[in-house]
Amino acid sequence: MRCCIILVLVCLSALQAHAIEENTLRAPNADRFSLKNIVETPQGYLTNTSNDGYLTLAKLNRSREQLCGLELELEFLESLPRPALFEIFWRAPQTDFSENAKAFFIINQQDSKTTTKYFVPLCKLFLYSGNTNNGKRQGLIEGLRIDYPSNKTISIKFHSISFVDASTTASILEQQSGNLKILEPYERLSANAFISIDVALPKLVFALQEGLNHLTQDIVFLIFWLLLMLSLLILIVRSLAHQHFKR
Amino acid sequence: MNTSTERNWLSNENFYRLILAALILRILLMPFFGHVDVLSEARRIYFQDEAGIYLLDISRNATSLFQLFFFKIFSVFIDNKDILFAHDDMQHSTAHPGAYFEFVSQPNIFRVLFIIKLPFLVADLVVAWALYQYCQRSNGARQAVIFWLFNPITIFAFYIFGRFESIPVMFCMLSLLAIQKKHLLVAAVLMGLSMNSREIFIFLGPVFVALVCSPSCRDFKWSSRLASVIIIGVATAISLKLFSFTDTSIDAFGREVTSLVSEGRVDYLFKFIVGSYLVFPMAYFAILLFSWNCKSDLNEKSLLACSLTMMAFFLFSSHTAHYTSWLVVFPCIYFAAKPDFLKPLLMLCVTWFVYNLSITDLGVFTSWLASPWSIHLAGLPNFPMLYQASGIVKALDLLTFSRLCRTMYCACMLYMAVQMVVHYLQQSKARTEL
């Protein structure tokens, strides 16, 4: 299992403009990949052994445009009983992982039932790539770290880990392919970033859409809730109409 | 506003429509907001329901029972409750933000939040009903009810922050109504329930005893007075954990049972000190003296004493945004009798909003509360961060700004407290002249 991940990671060195194909893998290079508080089971699942388990991908040394999207094909040994929160850290060369360069994504229990391909559009994070007015955050990425949920023990088989570039990320997000589950990463924004309209507006629009999508996941409640409000609204209109016609 | 406009505005039809509009507003908000405490409380209620525990060694037994009643009925509409509410470490009274984010990511979270908030909605509407009855169903009563239903403070506390504050307020309001109707024992029981719904209402216990022992209660039989004092005494003892329901030092969650004082919850009450004087206890003692000594009508005196106790708490202690919901019902009652209470009430809402915006109080007053709609909103900067990033900070720093806001917020309460006393004196004078 570890070798499989290492193989995938090594191929990152060949990364140019497009996603890396698995058949372009080169010789394994163990110093690019490490596990902390995670053990590998004989079946190839990676299981966290404490509340601080994570895996690190090192020596990536590619631009953020090249490492724009993260594709993960994951299989859970047991489907998640409840959503799980994964943190993702990144770092530039000669820097450490820090709380200022992190985001998190959530995998829902429904998606964990089968082997699923997930896509994390890292470039959509302001902290990761900045906006068009902020070139400072466009430097190289040297390392990436994925933290397991701190509140549960889970076993995951990483069938693949790969990066895609900005143009491929854009097309993936545009196409919204059915066999690829997009996991929007969440971040904590600074005020200086948020007062820029080209940062604030997409964030707010996305938040609005996410809530609407969330609402449609429980259709029975949605119908009940709408009917309840509608019936109260009808009572108001009826009262107004009654008063109007009485006159 | 002229009389005819006022009459139209308060017509039966408009009053009915406004109540319906208030209901729509509540139903609209209920599914989409919640503080991390919503999860903490929900999982406690779930645990109590699963384990069949109805009385705990906590100071909020009445609140828990009220919520449990609704949970038993409506939780049949929630699937996988164990997954939703179960937590690895039940000994932590507050859920971890990570657990909260997982909770709000559940596909049926909107339904869950709606169901969790049903008891708060019922208690809120009972307060509105009791307020209407207390204020003699007059035009003023309608104004007061409308203000209660649309004021941003309670809407925030009950439906956006999503806390159970409407339950103790309901018991307190019903107790005042029972006093007005001369049902002293019922009033004592309801006040006892209020004291065991939320810690702060324990201050109303001694006020109640002082009122019962005062000359204003001469019309009541001594046995009723004694019984009501005993009821309040027992309620106080339960609230302060002077005796245990479980007869162990460990509660159902595996935590060491502690008293209110040892938990440090009352610590902040005494932090407002002028010289060597603790201001809240000083004000409170004066209110107790007034309650015990004054001979005036029990109904008016009890209303004033309870109102001033709450006012003193909010004037002289630090508190979070949703706590202010304990206070709102009292000025609403005065608003029913005094239409000129509207401006101070509106200003209280405005200053409360700006003050809490300026301090945010560890995420209580931020877009974080809309995480159930989208977790993206949890990561947005709060008002102080935006304020610091703006140019305004050069003219007025954030600390001074928040102090100014707090001062104006307190000034509104102070003005209202004075107006309450003035109104009370006018009523007493009018009664004496009659």
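A, B, ... follow the sequence lines: proteins, then strands. Residue 1 opens every chain.
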Calculate, to the nearest 0.5 Å, the distance between atoms [atom1] and [atom2] belonging to [X] and [Y] respectively.
X      : Y      : atom1 : atom2 : value
B:D79  : A:D218 : CG    : CG    : 8.5 Å
A:Q243 : B:S11  : CD    : OG    : 6.0 Å
B:R17  : A:L232 : CZ    : CG    : 14.5 Å
A:S239 : B:N12  : OG    : CG    : 10.0 Å
A:I236 : B:I19  : CD1   : CD1   : 11.0 Å
A:I106 : B:F101 : CD1   : CZ    : 7.5 Å

Segment of [X] engaging chain A (4.5 angstrom heavy-atom cut-off):
X      : value
B:Y16  : side chain
B:A370 : neither
B:P384 : neither
B:L28  : both
B:V112 : neither

A:W225 and ring-ring contact (aromatic ring centres under 6.0 Å, His included): which partner among B:F110, B:F114, B:F32?
B:F32
So what's closer than 4.5 Å to chain B heavy atoms on A:Q110: side chain, backbone, both or neither?
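Side chain only.
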With chain B as the partner, which of A:L240, A:N213, A:N192, A:I195 has the greatest number of non-hydrogen pairs under 4.5 Å?
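Heavy-atom pairs under 4.5 Å are most numerous for A:L240.
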In terms of heavy-atom pairs under 4.5 Å with chain B, which of A:L233, A:L215, A:L222 leads?
A:L215
Pairwise side-chain contact, [X] with [Y], heavy-atom cut-off 4.5 Å (strictly under):
X      : Y      : result
A:L204 : B:L380 : yes
B:R111 : A:V220 : yes
B:L84  : A:R82  : no
B:H376 : A:F206 : yes
B:Q106 : A:P83  : yes
B:S105 : A:N108 : yes
B:E13  : A:H242 : no
B:I24  : A:L228 : no

After noting the C-alpha distance and the side-chain angles of A:K152 and B:E102, does the key distance pass the side-chain contact (heavy atoms from CB on, under 4.5 Å) rule?
CA-CA 12 Å; A:K152 53 177 74 71; B:E102 291 178 0; 2.7 Å; yes
For atom CZ of A:F97, decide whether the heavy atoms of other residues, nucleotides or ligands shown that lie under 6.0 angstrom number more than 12.
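Yes, enclosed.
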Are there more than 12 heavy atoms of other residues, nucleotides or ligands under 6.0 Å from atom CZ of B:F150?
yes
Exercise: identify the closest heavy-atom pair between [X] and [Y]:
X      : Y      : value
B:W373 : A:L212 : CZ2-N, 3.5 Å
A:Q109 : B:P107 : NE2-CD, 4.2 Å
B:P31  : A:F221 : CG-CZ, 3.9 Å

Set of residues satisfying side chain to side chain contact (heavy atoms under 4.5 Å, CB included) with respect to A:L125, sequence neighbours excluded:
A:W90, A:A103, A:L122, A:Y128, A:P185, A:E187
Given the rule in the side-chain contact (heavy atoms from CB on, under 4.5 Å) test, do A:N151 and B:H96 qualify, once you have shown the distances and angles that lead to the verdict?
CA-CA 9 Å; A:N151 59 350; B:H96 188 271; over 6 Å; no
